[in-house]
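Have a look at the structure below, then the notes.
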Protein chains: 2
Amino acid sequence: MSSPSAVESFPAHTSAASQIFTTVLSQGPLTRLEVARRAGLSAAAVTKAVRPLIEAGYLVEDVDEDSRPALGRPANLVRVDGGRALFIGVKVTGDAIIGVLTDLCCRILVARHIPLAARDPKAVLGTAAELVRELLIEADGLGVRVAGLGMAVSGDVDRAEGVVRYSPFLEWRELPLAELAAMTTGLPVTVDNDVRALTVAEQWFGAGVGLSGFAVVTVGAGIGCGLVVHGRVVAGAHGVAGEIGHVTVDPAGPRCHCGNRGCVEAIASDDAIVRQVRAATGVQVADAIEAAGLAHDGIAGAREVYARAGDAIGRGIATVANLLGPERVIISGEGLAAYDLFADHIRDAFATAAFGSAARCDVWTRPLPFDEWARGAAATAIQSFIRSDAN
Amino acid sequence: MSSPSAVESFPAHTSAASQIFTTVLSQGPLTRLEVARRAGLSAAAVTKAVRPLIEAGYLVEDVDEDSRPALGRPANLVRVDGGRALFIGVKVTGDAIIGVLTDLCCRILVARHIPLAARDPKAVLGTAAELVRELLIEADGLGVRVAGLGMAVSGDVDRAEGVVRYSPFLEWRELPLAELAAMTTGLPVTVDNDVRALTVAEQWFGAGVGLSGFAVVTVGAGIGCGLVVHGRVVAGAHGVAGEIGHVTVDPAGPRCHCGNRGCVEAIASDDAIVRQVRAATGVQVADAIEAAGLAHDGIAGAREVYARAGDAIGRGIATVANLLGPERVIISGEGLAAYDLFADHIRDAFATAAFGSAARCDVWTRPLPFDEWARGAAATAIQSFIRSDAN
DNA sequence: CTTCTTTCATTGACAGCGGAAAATAAGGAG
DNA sequence: CTCCTTATTTTCCGCTGTCAATGAAAGAAG
């Protein structure tokens, strides 16, 4: 995290303290005893770690009138005061920048987006700065300081250094984005890969809470995958990880932009579906929405394309499950708008291709509004804020 | 680890101490300063942790006369005294039990194997006990105590509980192997999946030393894969992980015993190769060795089978690399005897199917004598011995 | 209304770990 | 013999987290 303005910093310097805070943050209001249990610490340690966090206003005490036990002293719940600090998350796509203002609990307070004219770093940075400025004004209105900015970009991103190594889509190489954005906005900046950012959000605030191993699969313009193993997001030795989109599903399948044939992405991405629906039906559909329309109208050719796409995704997920044995797979992404068209095929293909007990992993689906990508970016900023040695 | 005889235990109770010992164990003789650097600790901490380990005889000091620096005080090397404790590793296969006696550095001192008449737990346990008895006599001859027994079994094994959940090959279910073997042999017993055990051996004593993410791919009777992510062996939520053998490579390929088509294992396992070579050449080869013989003789049909097998393995490895971004992939296994027949195809398929920087992961090959499987089992015993919270 | 019982939370003493800095050791060079 | 350099050890010292004991906050029992 590149941090120019070292304002008052988060008062959890020991690993145990930040672990305790993280537990409360993601597992909702808990009694101190319960926190101790989940964090594997003594109750005394929790009491001691919680006090300064309460004094600093990051945690607050609550009494749960409802679930008062029949016997014994009632517990005091501890929860995070979301309003204590705000964060901005920014997702850069090819044609727009999406920004959200969230609270410390990563709840979206404001969402904005600005179309993007050009993709060169200067243009993007300028637009992003404008968006951040708008959100800062909103934050001012709330009277709460913004404690960090997270930026999510597709491609090979080095979070530790805050550098975008290579983003094919934006045609950026070795861009020190964190440093640049920190200079422009005056905020501490965290930069990460977009799918990993989304995965962080799921891990701390979503369907991955409490799990030590899970996968997030995004379906849309591309097919992406974020992996959490041993409780940590997998980053890969060379910045590559979770490339489920380029798992080969059918070596005789359509050619993929990566050069191979039959990648999941060449069969199930929005583009691939549009292309295949056009070929199958002869209708020149403009985008995935129209393609889904044809399928919803019952046009056989279009429905088959979705069936094949679902099959490809299901096989891809099965591959992940076979290799890593995640506790859960979370399917998400804009493509889920047409989820009814391939849900069954995903499930069938997964059930067939998963080996043995790997099939016991539960497959969840979550709608993913586009803002969520930006929320993921905010989640990385929150993570960096809480523990500077984040990862 | 099921431990009936709690003899004198290993004197490294803090996490740092066992981390220091592990560093010295796997990274060979090191100066204290170098240990400190690699373990991320201060020199003082290393000095303090090393002393009791030297007093207990697990570490010894060495002077490296050769590489004395021109300037300054020469360093004292610290290394593990392999002779301080012995371990027994046992690998159970369908038709034999292989056992090795190793020292603390996991060097094989004696290797034995006994054919197996039946596969039921009682028969296997009896034979294993016999083998262990023989190795204990060898150990007695050396005058060193055996500090642990590791057992490696294929299938779903719960190492923490020491229970074989389900081994399809042996037809065992929910067998508390660690407990049974501990009662029979009187030794502390660790039980793990065979491929994971091999992976532990590579991680601590082989080509995975010092890497935080790598994969071991075994080629032979089956196609297996052990994964290390974030420095830890991946176990999978339901005991399944690393099932590269059932990654689909060609949905139109040959049927696999798992019910699907075109799994790597259905194309590249010994059995699959024999079957395909028979079909391609009409020669009723008896085993993989004869099949390789035909290919070495230049018979086109046989060579093609190996080409396809290499292609399948290379694609499988590429899938792992795309998903996890390991720093290295170690190809190993009995099948490597015919490595010259498919090496190029593995490399080509990997280079083609790996996405972007994932192709930068280095692919190593290591011959794997059958004893190595048993050595892997011994490695798990050593691991358990060193840190009781092993995983 | 007092006392018990039960469970949650806090306190204070304390042990141990690991770091920083200073001291010591072990060479070679001059 | 002294100085310089690098390795190792020693000597504090602060900090963390545990333990065991104590306080607190109910409802239950009498």
Side-chain angles (χ1 to χ4, degrees), chain A residues 9-24 27-55 59-79 386-389, chain B residues 9-24 27-56 59-79 387-389:
Chain A
S9 74
F10 189 68
H13 293 296
T14 88
S15 77
S18 76
Q19 190 197 354
I20 286 170
F21 186 80
T22 305
T23 303
V24 176
Q27 323 226 357
L30 292 170
T31 70
R32 287 173 174 75
L33 221 51
E34 189 56 31
V35 173
R37 220 165 287 138
R38 301 199 190 186
L41 294 164
S42 69
V46 174
T47 293
K48 283 184 236 184
V50 161
R51 194 187 345 258
L53 287 166
I54 287 183
E55 275 166 12
L59 293 180
V60 289
E61 270 198 327
D62 248 353
V63 184
D64 186 357
E65 291 294 339
D66 301 333
S67 67
R68 181 165 294 173
L71 220 54
R73 169 178 174 175
N76 294 318
L77 294 176
V78 174
R79 65 175 174 79
I386 289 171
R387 40 173 200 190
S388 48
D389 70 326
Chain B
S9 74
F10 189 68
H13 293 296
T14 88
S15 77
S18 76
Q19 190 196 353
I20 286 170
F21 186 79
T22 306
T23 303
V24 177
Q27 323 226 356
L30 292 171
T31 70
R32 287 173 174 77
L33 221 51
E34 190 56 31
V35 173
R37 219 164 289 138
R38 303 198 188 190
L41 294 164
S42 70
V46 174
T47 292
K48 281 185 263 192
V50 161
R51 195 184 348 254
L53 287 166
I54 286 183
E55 274 165 12
L59 293 179
V60 289
E61 269 198 327
D62 248 353
V63 184
D64 185 358
E65 291 295 340
D66 302 332
S67 68
R68 180 167 294 175
L71 220 54
R73 171 179 171 173
N76 294 318
L77 294 175
V78 175
R79 66 174 173 79
R387 38 171 202 191
S388 47
D389 70 327

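Small disclaimer: the values here were computed from a predicted structure and weren't measured. Labels below follow one simple rule: chain letters A, B, ... track the order of the sequence lines, proteins then strands, and each chain is numbered from 1.
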key: Nearest-Å distance for atom pair CG/P, residues B:L30 and D:dT8   = 11 Å
message = Just the rounded figure in Å: distance from C1' of C:dA26 to CG of B:L33.
response = 15 Å
ask   = Looking across every strand, which nucleic acid part, if any, lies under 4.0 Å from A:A16 by heavy atom: base, sugar-phosphate, or nothing?
value = sugar-phosphate
request  = Could you tell me whether the phosphate oxygens of D:dT6, OP1 or OP2, come under 4.0 Å of any side-chain nitrogen or oxygen in B:R32?
outcome  = no
inquiry  = Could you tell me how far apart B:L41 (CG) and C:dA20 (P) are, to the nearest whole angstrom?
reply    = 11 Å
message = Base, sugar-phosphate or nothing for B:T14? Non-hydrogen atoms, less than 4.0 Å.
response = sugar-phosphate
task = Return yes if the base of D:dA7 and the side-chain atoms of B:R73 contain a donor-acceptor N/O pair under 3.5 Å, otherwise no.
result = yes
task = Send over the distance from B:L59 CG to D:dT8 P, rounded to a whole Å.
result = 13 Å
inquiry  = Given the structure, check if the side chain of B:K48 and the base of D:dT8 hold any donor-acceptor pair shorter than 3.5 Å.
reply    = no
key: A:E61 CD to C:dC8 P, straight-line distance once rounded to whole Å   = 15 Å
ask   = How is B:A44 classified with respect to the nucleic acid when contacts are heavy atoms under 4.0 Å: base, sugar-phosphate, or nothing?
value = base
query = Which part of the nucleic acid does B:A75 contact within heavy-atom distance under 4.0 Å: base, sugar-phosphate only, or nothing?
reply = sugar-phosphate
ask   = CG of A:L71 versus P of D:dA24: gap in Å, rounded?
value = 20 Å
remark   = As a check of understanding: the bend across the helix from C:dC1-D:dG30 to C:dG30-D:dC1, end axes from five pairs, rounded to 10 degrees, works out to 30°
inquiry  = Please pick, from C:dT10, D:dA26, D:dT8, the nucleotide with the shortest atom-to-atom distance to any side-chain atom of A:P74.
reply    = D:dA26
